[in-house]
Amino acid sequence: MTTPMLAGLNPEQLEAVTLAHESALILAGAGSGKTRVLTTRIAHLIQTGQASPQGILAVTFTNKAAKEMLVRLSAMLPINIRGMWMGTFHGLCNRLLRAHHHDAGLPALFQILDSGDQFAAIKRLMKIQNVDVEKYPPKQVQYFINSNKEAGTRASQVETYDSFTRKLAELYAAYDDQCNREGVVDFAELLLRSYELLSRNELLREHYQRRFKYILVDEFQDTNRLQYAWLKLLAGTHSAVFAVGDDDQSIYAFRGAHVGNMRDFERDFGILKVIKLEQNYRSHGNILDAANALISQNSERLGKNLWTSEGSGEPIRVYEASSDQEEAAFIVDEVRTLHDNESMPLSEMALLYRSNAQSRILEHTLFNAGIPYKVYGGLRFFERQEIKHALAYLRLIANSNDDGALLRVINFPVRGIGNRTLEQLQDAASQQQISLWQVATSGTLSGKAATNVMAFIRLIESMRETCTGLPLQEQMEHVLEHSGLAAHYQNSKSEADRVENLDELINAATLFTNEYEILRDSDADQPDVLTAFLTHASLEAGEHQAIAGADALQLMTVHAAKGLEFQSVFLSGLEEGLFPHEQSRNEADGVEEERRLMYVAITRARRRLYLSFAQSRMLHGQVRYGIASRFLKELPTELLKRVNSWASPRYSEPEFSSKPANRNDDSPWYIGQNVMHPKFGAGVLVNYEGSGSDARVQVSFSQSGTKWLALEYAKLVPA
DNA sequence: TAACATTCCGTTTTT
DNA sequence: CGGAATGTTA
C-alpha cells in the first residue's frame, strides 16, 4: 500500500516520513534529501488523515526555505494547504502577535524594526540620554539587548555586577520603553513577546497546544535558546515534534544558535530513536570521504557518516599559490577551462571564501578576464536608502508614533526642518514621554520652524486620508509622488538607479497585493494589506542580488553557500589565520565551528572540488605571509592531487610544511624569508621560478621596491 | 546643506 | 588598502 508519494524513499527516509504521532530527531546529513523528507511527511500526514492542515505547524529558519517547502508541498498535494502554519520563527511569531496583539500589549498596527532600524533607534536613544558612545558603543548595546532577549531575559531581570552592566541594563530598559511608546518591535522582541504571551496566557497556550498536533522544525541546529523554549511551550505534552537538523553543519553559534538544543531535545522530549539520514545524493565519494575525515576530528558530535552509491569520482585538487593574485589567476584560468573545454555552465561553479574581503581580488581578476560573475551578499532590496525612505512614509501613515520613521523623512526631501528644530522636538518628547508626532501636533513650537513642521504633519495626514481604501500600489504611487521622493531622485543625475528601484517598489507592491488577496481569502483574521506589506519588507528584506539571469560564476562566503550545491566548487584562502579565522582561536569551540564551516564548504561540491591557498596575501593594506590551513592536513592525502604547474614530482604526495614550502629540499630559500642584499638592503622573498642554475627569486625590498634576481649571481643572504 | 576631508576599522549573518 | 562613518569647511 505504498503510495506514489513514498516511492523512491530510502529506508531511513521512509521511516522518518511515516513515523507515528511521536517526537523524533532526524539527523540529516548534507545532501541527504532533508527537505524532501520534511515535505513528504507533511503530505503523508495529511493524505492519510492523521492530521489536518490546521493541525500542522512547520517552522524554518529562512524565508527561502519556507517558500521552497510550500512550493514542493503544493506540488505534492492537490488540496489547498490553507490553515497550515508554515513559515520562519519570526513570521509565525508575528502572526501570533497580530492575532492577539491586545493580549500581547501591542497596538494592532505595530511595526517591525530590522537590525538597521534597531541600531538607529539605539543611537537615537543614547543621544537623547547623552550617553558616551565611546564607552558604550551602540553596536555593543545592541548586542547586549538582543542576546538578553534571546536568553529570555528582560531588562529588569538582567544580573548586574558593575556600573558598566548596570548602565547597559538601564539602556535596555529605556530602549524597550521607547519601542513600546512608538509601537515597534525588533526581531528578538517578536520571539520573546510571543513566548511570554503563550507562557502567561494559559487559555491561549492550551488552545494552540491542542491545535498543533504536529510540529516540524527545519535546520534545528540553528535554533537559539529562546526559539527552543518557544517550541517546547507550543508543543506542550501532546504535540509530536519532528526536528530535522545536522549538528555538523552548525555554523551560526556566533549569532546565538545553540547546537546543544539537539541534545536537550532528546532529553526533554524523551526521544527514543534518532533517525540518521546518511545516504548522500549529491557528491562523489572522494568528496564525501574528505568531508567525513575532516569532521571526524571534532569532538561532541552526535555521530554520522555520509556515503554514496556513486563512484569515488575525481581527486580533490589542491593548489598552492605564491600570492593571492596568483591564486586568483589560477582559479580564473581553471574556470575558463572548465567552461570552454568541458562546457560547464558558469552558474554551476562556485567560488567560496571565508570572509568577504577576499572577494575583491577575485572580482578584479575575473573582471579583467571578462568572466561574468555574481557576488552574493550586498545590500538587499528593502535595505536600500530610497526604499527605506519610501516605506517610512507608509509607516507614518500606519502609525504616526513611529519616531524612527518620522526622523527618517521629516526633512527628506529637504523641507527646512533642521537639527535645532528636531532637538526642540526631541527634548519636548522625552520630557513628556510622548512621540515626536504628538509633540509636533501639540503646538509647542513657534515661528518658521513650527510652520514647516505643521506643513509636514499636514502632508502626512493628507496622504493618510487619500490612501485609505486605495489599492496598495496606488498608495505607493501617491506617496512617492506627493512626498517629493520621486521628484528628488529624478532630478539627481547620479541616482538614476534609485528611480528604477522605486519603480521596482511599486511593482513589488502590485505583486504582493495579488498574492496577499489569495491568502486573505483563506484566513480572515489577517491584517490590512499595508501593514502586511510593511511586515513583509522587514521580515523578508529580499534577494541579496537583484540582477538574475545571465550565466555567471557564483561568488559567496561559505556561510552564504550553506544549503546550495554546485558541480564545481573552488574554496580559496585555506590559510591559518584566515580559515580557520584567527579570531576563532579565542572562542570556545571556535576552531570546531570553523571545521564545521569547512565541512559545509566541501559538501557543496557535486563533482569537482578545488582547494587553494596562498603563501602571501594582501590584508589590511599589508602583505601577510601565511601557511597552509590545518584543515588541509586533516584530509586524507590519497584523496588529494596537487595541481601546481611547478610542483616537483616529490610533492605529488601532498605535504604542507609548517614552514612555507621550499622548492628544492637542498635550497635554503622559502617564500616569506627575510633576506639581505649588499646593494638593496633588507627585503622579503615573495616569489621564485625555475630551478638549479636558472632559479630566480623575487624579493620585495623595504627601500628599493620589488626585484627579480638570479640566485646564482645575486649576493643574497638569509637574514 | 552639501561637498570635502579625516578617521577608524577590518569573520561569518537571518530574522 | 578601501569603505563607512564621522567631522569640517564653504
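Excluded from the calculations below are hydrogen atoms, water molecules and symmetry mates; all remaining heavy atoms, backbone and side chain alike, are included. Labels below follow one simple rule: chain letters A, B, ... track the order of the sequence lines, proteins then strands, and each chain is numbered from 1. Model, not experiment: these values are computed from the prediction.
- Among the heavy atoms of the strands lying under 4.0 Å from A:Asn63 are primed sugar atoms or P, OP1, OP2 only; no base atom is included.
- The phosphate of B:dT11 (OP1 or OP2) has no side-chain N or O of A:Arg255 nearer than 4.0 angstrom.
- No salt bridge links A:Lys34 with A:Asp246; every basic N to acidic carboxylate O contact stays at or beyond 4.0 Å.
- Near DNA chain B, meaning a heavy atom under 4.0 Å from it, residues 594-604 of chain A has no residue at all.
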For nucleotides 1-8 of chain B, which of its nitrogen or oxygen atoms have a protein nitrogen or oxygen under 3.5 Å away, and what is each distance?
unit_1 : atom_1 : unit_2   : atom_2 : d
B:dT1  : OP1    : A:Asn411 : ND2    : 3.4

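- In this structure, A:Phe254 does not count as stacked on the base of B:dT11 under the 5.5 Å centre distance and 30° plane angle limits.
- Here the P atom of nucleotide B:dT14 and the CZ atom of A:Phe187 are 11 Å apart, to the nearest Å.
- Salt bridge annotation for A:Arg596-A:Glu593: present, with a cationic side-chain nitrogen under 4.0 angstrom from a carboxylate oxygen.
- Per the geometry, CG belonging to A:Asp222 stands 9 Å off C1' belonging to B:dT14, to the nearest Å.
- Ring-centre distance between A:His536 and A:Tyr516: not below the 6.0 Å cut-off.
- Atom CG of A:Leu352 and atom P of B:dT12 are 14 Å apart (whole Å).
- Remark: the backbone N or O of A:Glu592 is paired with a side-chain donor or acceptor of A:Asn298 at under 3.5 angstrom.
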Nucleotides 1-7 of chain C: protein proximity per nucleotide (B base, S sugar-phosphate only, - neither; heavy atom, under 4.0 Å): BS---S-

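- Among the protein residues, A:Ser115 comes within range of the nucleic acid bases, having at least one heavy atom under 4.0 Å from a base atom.
- A salt bridge between A:Lys67 and A:Glu540 is present, with a side-chain N of the basic residue lying under 4.0 Å from a carboxylate O of the acidic one.
- Here the separation of B:dT13 from C:dA4, taken at their P atoms, is 15 Å to the nearest Å.
- Relative ring orientation between A:His389 and A:Phe412 is described as parallel, the plane-to-plane angle staying below 30° on a 0-90° scale split at 30° and 60°.
- Looking only at side-chain heavy atoms (C-beta outward), A:Leu578 and A:Tyr353 stay at 4.5 Å or farther from each other.
- Contact between the side-chain N/O atoms of A:Asn356 and the OP1/OP2 oxygens of B:dG10 is not found at any separation under 4.0 Å.
- Using a cut-off of 4.0 Å between Lys/Arg side-chain N and Asp/Glu carboxylate O, A:Arg624 and A:Glu575 are scored as not salt-bridged.
- Rounded to whole angstrom, the span from the CG atom of A:Leu113 across to the C1' atom of B:dT14 amounts to 16 Å.
- Of the charged side-chain nitrogens involved, none lies within less than 4.0 Å of a carboxylate oxygen, so that A:Glu634 and A:Arg630 do not count as a salt-bridged pair.
- The pair A:Arg585-A:Glu576 counts as a salt bridge, with a side-chain nitrogen and a carboxylate oxygen less than 4.0 angstrom apart.
- Across all strands, A:Glu189 comes closer than 4.0 Å to no nucleic acid atom at all (heavy-atom distances).
- For A:Asn419, the CG atom is loosely surrounded, since the number of other residues' heavy atoms within 6.0 Å does not exceed 12.
- Residues from residues 557-564 of chain A that place a heavy atom under 4.0 Å from any atom of DNA chain B, listed by number: A:Thr557, A:His559.
- Regarding A:Lys149, its NZ atom lies at a distance of 19 Å from the P atom of B:dT15, rounded to whole Å.
- What you find for A:Pro580 and A:Glu594 is that their closest heavy atoms are CA-OE1, 3.4 Å.
- Residue A:Asp114 is out of contact with every strand shown, counting any heavy-atom pair closer than 4.0 Å.
- A:Leu379 places its CG atom 15 Å from the C1' atom of B:dT14, with the value rounded to the nearest Å.
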Kindly give the atom pairs (protein nitrogen or oxygen, nucleotide nitrogen or oxygen) under 3.5 Å for nucleotides 8-10 of chain C.
none

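- Of the residues listed (A:Ser612, A:Ser322, A:Ser572, A:Ser616), the one engaging A:Glu327 in a side-chain hydrogen bond (donor to acceptor under 3.5 Å, both in side chains) is A:Ser612, and it is the only one.
- Taking the charged nitrogens against the carboxylate oxygens, A:Glu219 and A:Lys562 do have a contact shorter than 4.0 Å, which makes a salt bridge.
- Take the nearest nucleotide of DNA chain B for A:Ser355 and for A:Arg380: the residue whose nucleotide is more 5' is A:Ser355.
- For the pair A:Arg225 and A:Tyr228, the cation-pi test (distance below 6.0 Å, angle within 45°) is failed.
- A:Lys64 has its NZ atom 10 Å from the P atom of B:dT15, to the nearest Å.
- The two residues A:Leu539 and A:Leu190 make their nearest non-hydrogen contact at CD1-CD1, 3.9 Å.
- Counting any heavy atom pair closer than 4.0 Å across all strands shown, A:Phe89 reaches no nucleic acid atom.
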Atom pairs and distances, donor-acceptor, side-chain atoms in residues 105-125 of chain A, under 3.5 Å, two or more places apart:
unit_1   : atom_1 : unit_2   : atom_2 : d
A:Gln111 : NE2    : A:Leu109 : O      : 2.8
A:Asp114 : OD1    : A:Gly116 : N      : 3.0
A:Asp114 : OD1    : A:Asp117 : N      : 2.8
A:Asp114 : OD1    : A:Lys388 : NZ     : 3.3
A:Asp114 : OD2    : A:Lys388 : NZ     : 2.5
A:Asp117 : OD1    : A:Lys388 : NZ     : 2.9
A:Asp117 : OD2    : A:Asp114 : N      : 3.2
A:Asp117 : OD2    : A:Lys388 : NZ     : 3.2
A:Asp117 : OD2    : A:Arg395 : NH1    : 3.4
A:Gln118 : OE1    : A:Gln142 : NE2    : 2.8
A:Gln118 : OE1    : A:Asn146 : ND2    : 3.1
A:Gln118 : NE2    : A:Asn146 : OD1    : 2.8
A:Gln118 : NE2    : A:Tyr175 : OH     : 3.3
A:Gln118 : NE2    : A:Asp186 : OD2    : 3.3
A:Arg124 : NH1    : A:Glu182 : OE2    : 3.0

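- Between the CD1 atom of A:Ile251 and the C1' atom of B:dT14 there is a distance of 12 Å, rounded to whole Å.
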